[in-house]
Amino acid sequence: MKTNKRSLKVYGLLVVLLAVLAALNVYLPQGDLAAVVPDQELPASKGVLAAANALIMLLMYGGLGLLGLTLSRKVGFPALWDEAVSNRERFLVPALVGVGVGVLLIAADAVFSRLHPLGPLPHPPFPTSLVASATAGIGEEIVFRLFFISFWMWLISSVLLGGRWEKAVFWVVSTLSGVAFAFGHLPSVMLLYGMEGVGQVPTALLVEILLLNGVVSLFAAHQWRRAGFLGAVGVHFWTDVVWHVIWGVVGS
């Protein structure tokens, strides 16, 4: 019971932090995106957009995450703050994994950028990149890992299969989560490059987006299953710190 209460408190803090960062992001420099969507074309004032972003994070993301937390415990995942998990497993290991994945993304982009005419993938400017890393690390993991995997694991493994083939179901669902996660990034890429349809995306770039996001997803899912949801957040956050924050400055 103590673990459950602490997990809920930590989750509440994560969602509040997500809402604050989502609101703050509206006021930060947007880099290449600002040229595509100038201020005069915004659907509302920045104050209204910031409040709307915060409300969406609190209600929609927060609600999905709560459902995911409940279902994840039904399929045997560690609690968000599980007393059986050490802080080394909860924080240090995911950070090291995330740094390694971030380096892998840099190397992969250097290869794939030579296979199409659009060049390396763009990065948000600093400090937007740091805020975006934290926002993605929490928000995207809530949607694509905590909710998506928990829901489908519960439905397929627990409800339909009666708890059988749990490990196989986990990896199948985690792979599908990675595919959904990758395609979720396509609209922003198309917007930045002025593309009107998926057919305009070069094949090499499409493969890169699927591969890079899929790798992040699988490592995040694995750490979540080992150390709880903070493991997934840690992998995603530190991957983005290396990829977007550090490489976004050093590599530009």
Side-chain angles (χ1 to χ4, degrees), residues 17-18 20-39 41-42 46 49-50 53 57 94-144 178 180-195 198 200-220 232-252:
L17 176 60
L18 175 64
V20 171
L21 292 176
L24 175 63
N25 188 63
V26 174
Y27 296 95
L28 295 176
Q30 299 300 311
D32 294 336
L33 186 60
V36 179
V37 187
D39 289 348
E41 293 185 10
L42 293 176
K46 287 187 175 181
L49 290 176
N53 282 353
M57 298 303 167
L96 294 176
V97 171
V99 169
V101 174
V103 172
L104 178 63
L105 263 58
I106 294 171
D109 187 50
V111 174
F112 277 100
S113 63
R114 299 174 180 271
L115 304 179
H116 58 78
L118 299 176
L121 289 171
H123 302 279
F126 185 83
T128 309
S129 56
L130 183 58
V131 173
S133 296
T135 303
I138 301 171
E140 291 179 351
E141 290 308 306
I142 285 177
V143 174
F144 292 101
F181 178 65
F183 276 102
H185 287 76
L186 265 181
S188 59
V189 172
M190 292 167 57
L191 180 64
L192 284 170
Y193 289 117
M195 300 173 183
V198 177
Q200 295 180 346
V201 181
T203 301
L205 179 58
L206 183 60
V207 171
E208 179 180 6
I209 293 171
L210 287 170
L211 179 62
L212 269 57
N213 286 286
V215 168
V216 175
S217 297
L218 291 178
F219 274 101
V233 173
V235 169
H236 196 149
F237 173 72
W238 288 108
T239 296
D240 279 5
V241 166
V242 172
W243 167 236
H244 285 309
V245 181
I246 297 176
W247 186 245
V249 174
V250 175
S252 60

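All heavy atoms count here, side chains included; hydrogens, waters and symmetry mates do not.
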Practice item. Could you check if a side-chain atom of Pro94 sits within less than 4.5 angstrom of a side-chain atom of Phe237, using non-hydrogen atoms only? Key: no
Check your understanding: Is there side-chain contact between Asp240 and Val245, with heavy atoms separated by less than 4.5 Å?
Key -> no
**Study point:** Set of residues satisfying side chain to side chain contact (heavy atoms under 4.5 Å, CB included) with respect to Ala180, sequence neighbours excluded
**Key:** Phe144, Phe148
Which side-chain N or O atoms in residues 104-120 pair as donor and acceptor under 3.5 Å with protein atoms at least two apart or in another chain?
unit_1: Asp109; atom_1: OD1; unit_2: Leu121; atom_2: N; d: 3.4
unit_1: Asp109; atom_1: OD2; unit_2: Leu121; atom_2: N; d: 3.3
unit_1: Ser113; atom_1: OG; unit_2: Asp109; atom_2: O; d: 2.9
unit_1: Ser113; atom_1: OG; unit_2: Ala110; atom_2: O; d: 3.2
unit_1: His116; atom_1: ND1; unit_2: Leu118; atom_2: N; d: 3.2

**Study point:** Pro122 versus Leu192, closest heavy-atom pair with distance
**Key:** CG-CD1, 3.7 Å
Practice item. Considering non-hydrogen atoms only, spot the tightest contact between Pro202 and Met195 and give its length. Key: CD-CE, 3.8 Å
Distance-only check: which donor-acceptor pairs under 3.5 Å involve side-chain atoms of residues 203-216, not counting sequence neighbours?
unit_1: Asn213; atom_1: ND2; unit_2: Ile209; atom_2: O; d: 2.8

Practice item. Could you tell me which non-hydrogen atom of Trp243 sits nearest to which non-hydrogen atom of Trp247, and how far apart they are? Key: O-CB, 3.2 Å
Exercise for review: Check side-chain hydrogen bond (donor to acceptor under 3.5 Å, both in side chains) between Ser217 and all other residues, then give those that pass, not counting sequence neighbours.
Suggested key: Arg145
Point to revise | Spacing of Leu18 atom CG and Glu140 atom CD [to the nearest 0.5 Å] | key: 10.0 Å
Review point. Among all residues two or more places apart in sequence or in another chain, which pass the side chain to side chain contact (heavy atoms under 4.5 Å, CB included) test with Val233?
Key: Ile138, Glu141, Phe229
Exercise for review: Quick one: closest heavy-atom pair of Val99 and Val242, and the distance?
Suggested key: CA-CG2, 3.9 Å
**Study point:** Greater than 12 external heavy atoms within 6.0 Å of Trp238's CH2
**Key:** no
Exercise for review: Can you measure from CG (Leu28) to NZ (Lys46) and round to the nearest 0.5 angstrom?
Suggested key: 9.0 Å
**Study point:** Heavy-atom pair with the smallest gap, counting every atom of Pro29 and Pro125
**Key:** O-CG, 3.4 Å
Point to revise | Non-neighbouring partners of His185 that pass ring pair (Phe, Tyr, Trp, His ring centres under 6.0 Å), sequence neighbours left out | key: Phe181
Point to revise | Ser133 to His244 - nearest heavy-atom pair and separation | key: OG-CB, 4.4 Å
